[in-house]
Amino acid sequence: MRLLNKFFARSAVVVATELIGCFLCRKLKDSKIQRLKIVEIEAYEGWNDKASHASRGKTARNAPMFEEAGTIYVYFTYGMHWMLNIVCGPKNYPSAILIRSLENVYGPARLTKYLGIDKSLNNQKLGKSSGLWIEKNENYTKIHGRGKVNKLSRVGVAYAGPIWSQKKWRFVLKEI
DNA sequence: GGAGTGATGACA
DNA sequence: GTCATCACTCCA
């Protein structure tokens with residue numbers, strides 16, 4: 001079952017937690033649909049989050065973060081890598097989740113390369129039009145039972161200072 | 001461990 | 001206009 005925008009219109013931390021184990025779906029040029037389990041996610045929440053692009057206010061680059069929930073935010077970094085984010089929370093409130101790893105596709109830049117995700121998807125909505133959406137896993141309760149999801153500190157955010165870099169806002173699925 | 005890559009934002 | 005920075009991957 002496809003997750004609707006309503007699902008994303010909540011706290012990024014909650015959304016990130018619940019997305020663990022769900023399927024990221026991508027329709028490619030040849031019409032084949034890829035369905036890959038999400039195993040690692042980070043949350044970026046609000047104005048005060050120093051690790052978030054939005055901490056310095058709205059700019060041309062991070063504008064999609066201020067759009068309504070379910071908007072796709074793709075950005076380019078390190079001169080060669082695309083990052084895939086999904087916007088969360090209410091409109092004009094900057095929060096998003098960063099999809100870091102899928103089953104068998106580990107690494108945020110690898111998965112975008114693998115799924116053919118680039119700037120053309122930026123600021124689009126999840127769904128048929130963009131060819132990118134997320135489906136709920138039928139085994140959701142099984143996956144989330146008995147501490148199957150690790151909570152860790154986020155990656156590469158030391159510059160954000162101890163308060164924000166130590167937040168346990170990275171969620172990783174343990175082996176099933 | 002270190003190079004590579006280029007958009008971005010801060011500053012002048 | 002310049003410059004340092006960056007939520008990474010690759011190859012050693």
Side-chain angles (χ1 to χ4, degrees), chain A residues 7-22 24 26 28 34 36-90 92-126 130 132-134 149-174:
Chain A
F7 175 89
F8 297 95
R10 297 177 293 155
S11 154
V13 176
V14 174
V15 173
T17 310
E18 295 189 9
L19 278 179
I20 292 291
C22 292
L24 180 69
R26 174 69 170 145
L28 295 166
Q34 299 264 5
L36 290 159
K37 196 185 296 173
I38 298 169
V39 297
E40 184 177 0
I41 291 205
E42 282 181 14
Y44 292 86
E45 177 83 53
W47 308 95
N48 296 325
D49 186 352
K50 289 285 181 292
S52 166
H53 286 167
S55 66
R56 293 189 199 128
K58 189 174 180 177
T59 64
R61 175 164 75 152
N62 66 27
M65 289 187 81
F66 294 77
E67 288 300 317
E68 57 188 312
T71 300
I72 301 164
Y73 173 37
V74 178
Y75 70 89
F76 194 63
T77 192
Y78 291 107
M80 54 181 92
H81 301 303
W82 296 102
M83 299 289 152
L84 173 61
N85 302 251
I86 310 295
V87 177
C88 300
N92 294 318
Y93 177 78
S95 73
I97 53 101
L98 167 68
I99 300 179
R100 295 187 58 86
S101 297
L102 307 172
E103 194 170 43
N104 300 322
V105 187
Y106 299 101
R110 282 192 186 165
L111 71 92
T112 52
K113 189 178 174 187
Y114 182 80
L115 295 174
I117 291 165
D118 62 17
K119 194 170 63 178
S120 65
L121 281 171
N122 193 34
N123 215 13
Q124 291 206 47
K125 302 282 183 284
L126 288 174
S130 57
L132 185 74
W133 65 93
I134 295 173
V149 179
N150 279 329
K151 294 182 174 61
L152 304 167
S153 54
R154 294 177 290 181
V155 172
V157 292
Y159 70 94
I163 296 170
W164 294 99
S165 61
Q166 287 170 16
K167 293 261 185 208
K168 297 287 189 289
W169 283 0
R170 180 158 60 101
F171 306 96
V172 183
L173 180 64
K174 290 183 191 175

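In what follows, chains carry the letters A, B, and so on, assigned in the order in which the sequence lines appear, proteins first and then strands, with residues in each chain numbered from 1. Values reported hereafter were calculated over all heavy atoms of this structure, with side chains retained and with hydrogens, waters and symmetry mates removed.
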Item to check | Residue from A:Ser52, A:Ser55, A:Cys88 passing side chain to side chain contact (heavy atoms under 4.5 Å, CB included) with A:Tyr44 | outcome: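 Considering A:Ser52, A:Ser55, A:Cys88, a side chain to side chain contact (heavy atoms under 4.5 Å, CB included) with A:Tyr44 is found only for A:Ser52.
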Value in whole Å for how far the [atom2] atom of [N] lies from [atom1] of [X]:
| X | N | atom1 | atom2 | result |
| --- | --- | --- | --- | --- |
| A:Trp82 | B:dA7 | CH2 | C1' | 9 Å |
| A:Met83 | B:dT8 | CE | P | 14 Å |
| A:Tyr78 | B:dG2 | OH | P | 16 Å |
| A:Leu98 | C:dA7 | CG | P | 11 Å |
| A:Tyr106 | C:dA7 | OH | P | 24 Å |
| A:Tyr73 | C:dA7 | OH | C1' | 10 Å |
| A:Leu152 | C:dA7 | CG | P | 18 Å |
| A:Ile99 | C:dC8 | CD1 | C1' | 17 Å |

Checklist entry - Is A:Arg56 near enough to B:dT8 that one of its side-chain N or O atoms lies under 4.0 angstrom from OP1 or OP2? => result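 No, no such contact exists.
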Next on the checklist: With a cut-off of less than 4.0 Å, is there a side-chain N or O of A:Thr77 near OP1 or OP2 of C:dC8?
Outcome noted: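 The answer is no; no side-chain N or O of A:Thr77 sits under 4.0 Å from OP1 or OP2.
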Checklist outcome for this item: Secondary structure of DNA chain B per the Watson-Crick/G-U criterion (both distances under 3.5 Å; [ ] crossing, | other strand, . unpaired) is ||||.||||||.
Next on the checklist: Students often mix this up, so state it plainly: with edges at 30° and 60°, are the rings of A:His53 and A:Tyr75 parallel, tilted or perpendicular?
Outcome noted: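 Rings of A:His53 and A:Tyr75: perpendicular, as their planes differ by over 60°.
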Extract from the structure each pairing of a protein N or O with an N or O of nucleotides 10-12 of chain C at less than 3.5 Å, listing the distance.
from   : atom 1 : to       : atom 2 : distance (Å)
C:dC10 : OP2    : A:Arg110 : NE     : 2.9
C:dC10 : OP2    : A:Arg110 : NH2    : 2.8

Checklist entry - A:Ala109 has a side chain; which of C:dC8, C:dA7, B:dT8 sits nearest to it? => result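 My answer, after comparing the listed nucleotides, is C:dC8.
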Item to check | Out of C:dC8, C:dC6, B:dG9, whichever nucleotide has its closest atom nearest the side chain of A:Arg100 | outcome: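 Selected nucleotide (nearest to the side chain): C:dC8.
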Next on the checklist: Between C:dA7 and A:Tyr75, counting only base atoms on the nucleotide and side-chain atoms on the residue, is there a donor-acceptor pair under 3.5 Å?
Outcome noted: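 Result: at least one qualifying N/O pair found.
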Checklist entry - For A:Tyr44 and C:dA7, is the gap between ring centres under 5.5 Å while the planes differ by less than 30°? => result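 Stacking is present between C:dA7 and A:Tyr44, given that their ring centres fall under 5.5 Å apart and the planes under 30°.
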Checklist entry - For the salt bridge (charged side-chain N to carboxylate O under 4.0 Å, His left out) test, which of A:Lys151, A:Lys168, A:Arg100, A:Arg154 pairs with A:Glu42? => result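 Of the listed options, the one satisfying the test is A:Arg100.
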Next on the checklist: Less than 6.0 angstrom from the centroid, inside 45 degrees of the normal: does A:Arg10 satisfy that with respect to the ring of A:Phe8?
Outcome noted: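 No; the conditions do not both hold, so A:Arg10 does not lie above the ring face of A:Phe8.
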Answer with yes or no whether the side chains of [Y] and [X] bring together a donor and an acceptor at under 3.5 Å.
| X | Y | result |
| --- | --- | --- |
| A:Gln124 | A:Ser130 | no |
| A:Lys125 | A:Thr71 | yes |
| A:Tyr93 | A:Glu45 | yes |

Next on the checklist: Quick check: do A:Leu111 and A:Ile99 have side-chain heavy atoms less than 4.5 Å from each other?
Outcome noted: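 Result yes, sub-4.5 Å side-chain heavy-atom pair found.
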Next on the checklist: Using the ring centroid of each side chain, check whether A:Trp47 and A:Phe66 are separated by less than 6.0 Å.
Outcome noted: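 For A:Trp47 and A:Phe66, the ring centres are under 6.0 Å apart.
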